[in-house]
Amino acid sequence: MSFLSEIRAVFDRLAESAFAELKTGEALNLNLSGEDQTYVRFNDSKVRQATQVRQTTLSLTWQSSGRKVEYSYDLSGQQEWDLATLHSLMARARSEVRVLPEDPYLVPLENHGASDRHHAGRLPVDEEIMATIAGETAGTELTGFFASGPQFRANRNSAGQNHWFSTESAFLDYSLFTINASGENKAVKGLYAARDWNRDEFLAAVEASKNCLPLLRSATRPVAPGEYRVYLAPAAVSDIVGMFSWGAVSYNAWKKGDSALQRLIAGDARFSEQFSLRENFELGLTHRFNTLGELPPADLPIIERGQLKNLLVSSRSAKEYGVESNAADPAGWTGEYLRSAEVLPGELAEADVLQALGTGLYIGNLHYLNWSDVQSARITGMTRYACFWVEDGVPVAPIRDLRFDESLYRIFGSELEALTRESRLIPSVDTYYRRSLGGRKIPGALLQAFRFTL
Amino acid sequence: MNTTLALAAEFPEFDIQSALARIGSEADWIGLRYVQETTHRRSVRNGKPEDNSVTFERGVMVEARVDGQLAYAGTSDLSEKGLREATRQAVRLARISAPHKAMTFTDRHRPQAVGRYLSPHRAGLDTQSLGEFTDRLIAASRHLKVADKIVNATAEATLVETRLQYASTNGSDIDEQFLLVACNFGVTAQDGGVTQRRSLNGPVARCRQAGLEFFDFEALYAECERAGVQALELLAADDCPNETLDLVLAPDQMLLQIHESIGHPLELDRILGDERNYAGWSFVRPEDFGRLQYGSHLMNVTFDPTVEGQFASYAFDDCGHAASREHLIKDGLLLRGLGSLESQSRLGLPGVANFRAASWNRAPIDRMANINLEPGSGSLDDIVAAVERGVYMESNISWSIDDYRNKFQFGCEYARLIENGRFTQVLKNPNYRGVTVPFWQSLTRVGGTSEMFGTPYCGKGEPSQIIRVGHASPPCLFTGVEVFGGGL
């Protein structure tokens, strides 16, 4: 029996046992998440740390008497122990809800149906991938991170819903470093991710990154803080779009006064007609069901041609504020965040980007973004990796990293000149606690002006 | 039934020495790190329950050394079969990665260590009922809501019980037990199109190793009311001016300044380039130790996991290296980096006992623990009195720094203008930016009394890890700093 089918059987047994134990008026929501991963980090094309992690976490949300408590624990794989723990936590839940106040925004559990999706993959053999990466990138100062293996998410509840999602995939997220004529470290960033790992495609991706190194070895062009025309490559735009998930598109955050889109919502500010943002689960990067087992729309416009169409509303927020839910996930760091975001493409051909930029800055990646003024939707952050000074459509030199401080209303509004026709699918490579799912589909963006401050 | 906050007793014991004796393997060396952690999150918002959750983590990280290479395998299957399988995986990974290893491991990277550690505390989680604790949080959220313009009032507590055991085939036997508490009390005030946030020292900056005695609710209620009032003051305040002038930072902002511009750049694994694909590199070069004047002569910074009750105190790091207090920077001169025994041998430089993993499912990496700016002399009033025109800032709200830890920009919740040695008006949206070494060289006053803060959320590593750090500092004065406010 494979790891995935084994864990699925375990989940079914635990769920059935738990649901059978419930008394009248009690309800239970179960979420399962886990992985069996090989993680290898590389420094200078050598293996720095190699780790195998097999982990499965069961989360249970208990509801009764208008109250709710939640627990989660690492499954051991030993049925007797896992069952005993589950029943022990259920007993604990019964006693906790007796002493907690009623939760007026509790969402009663419902049956939101069933789904079953598995994306099978063909993954590289660990021994071969280590030899390939170390061998083919020797001399490039490759530093990076390889992850490979199955991941799964599942949800069942006592009302009868039953969702399963699993996928097998691998990625290498890497940087190639070099020292340029000014004696400074320069790097280009790359990502190869696949369900069906193809050695030739992988090597071609690394080769394409290597081809950027000669330009990076040129002497640095000093660029003073100020406003410049810029082209933001898809990876850079993706980082900025990530900030929409820091409360900006959350209905709950807006009502709490924490949304960076307050001015857009109030009609005091606007985005460009070229800018459309949607939640698109058809990208296939993650499961559609949320932690309540609800199914959000497969395609939900957030901003359409510059106009706000929807904020993300969880059923809990819907109950609190008397509005309609669109099944946003209430869980996670901020809650009501974008899980599969897409910025719709524009008309600028990627091949014409440098010519359209003319003279200005090509920004390959950004780093360490944060709000600098939430009310103005202003973001600060740094340029990173392959960023170039471009003159008359020709990249002439790498730059030193610059700090920017700029508003979303300028980036995707008044200063947005064009979006590229081509988009990049950028899967999430986050690995806090466990490997993430999800990602974004993002075009590049040409801006008339972008503010650098330091 | 009296339901207390305690929960851990419901889970069985794990005998690590017995497990080590039974797994057997062909490895040259085996280490087991068992982590059991129970995290309680209790929060209320606007007087209503928001989060009542408990997370229970339990598993073992097996380390195996084969052909001079170490590799890791994490499992939550604690049966003999499960641990044998994890050991087999660790041995397999060590064997196949050995031809490509970045360094050669020996016993000196995993010294024999025996000892115990217990967080200081007076009141365990079994001394208070869940109902009473929840009532107190609800009361706190009501004290935060001092006016209708407070649209959100949050009171939350995180309580963590951790058991960390480490055993190895060369005789290590470590047992450390931690009781950790953190809290977040904050408000958002709104009036028309203006919104301002205020909290008690910034979100979750208040964190300690302590028991429930940490929560002095009567004192907290008064502080919550003050936070609510200050949020209303901010609604009516002018923006921080855009100007270069003197900057006084309160200890709850110094925590972030120390963390980002001292802690991270001094991590030896960053200097070695391990982190340059993700968290970043460092402007500090190996030859800078003993030579670089990092800041003014008033700058004295220690790595100190021995401070009683500070958030990241411990007796041993996760390779068995005994923890001790060390000066990183003395009189402004950079002396020592934050590097484990592994990084120390790779770089040939002295480090500290800071090899730490977030949980059983992650391998340890170089981490700051308690990084403290040692006190100087004088009070906050003395510092303010020395300022002709400046800004005083409290409580971090925004943080960003480049991958070499040079160009930073930080924002705070609350500021006051200083004119002619006295606080004058309240300022909203205060931010400042600078470059690490020139900034620390502009340090001209260090107060005489430190306050302890920290954060549970320091992120780093591939795979990524979130870990706890502690930072203590007095208020400090920096001269000639670029400050600015909000707006498009």
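Naming: A, B, ... by sequence-line order, numbering from 1 per chain.
For the pair Gln190(B)/Asp258(A), no side-chain contact is recorded, criterion being any heavy-atom separation below 4.5 Å from C-beta on. Residues Lys101(B) and Arg48(A) form no side-chain contact, since every pair of their non-hydrogen atoms from C-beta on lies 4.5 Å or further apart.
Heavy atoms of other residues, nucleotides or ligands lying less than 6.0 angstrom from OH of Tyr432(A) number more than 12.
A donor-acceptor pair under 3.5 Å is formed between the side chain of Ser398(B) and the backbone N or O of Trp371(A). Put simply, the side chain of Asn277(B) gets close to the backbone of Ser175(A): a donor and an acceptor are under 3.5 Å apart.
In terms of non-hydrogen atom pairs under 4.5 Å with chain B, the most contact-rich of Arg263(A), Gln49(A), Arg403(A), Glu141(A) is Arg403(A). Put simply, of Gln262(A), Arg435(A), Lys256(A), Glu127(A), the one with the most heavy-atom pairs under 4.5 Å next to chain B is Lys256(A). The choice from Arg434(A), Lys68(A), Glu406(A), Lys189(A) that makes the most heavy-atom pairs within less than 4.5 Å of chain B is Lys189(A).
Looking at Asp126(A) and Arg92(B), a side-chain N of the basic residue comes within less than 4.0 Å of a carboxylate O on the acidic one, giving a salt bridge.
Judged by distance alone, the side chains of Glu260(B) and Tyr368(A) do bring a donor and an acceptor atom under 3.5 Å apart.
Both the sub-6.0 Å distance and the 45° axial angle are not jointly satisfied by Arg58(B) relative to the ring of Tyr73(A).
Taken from CG in Leu488(B) to OG in Ser407(A), the straight-line distance is 5.0 Å, to the nearest 0.5 Å.
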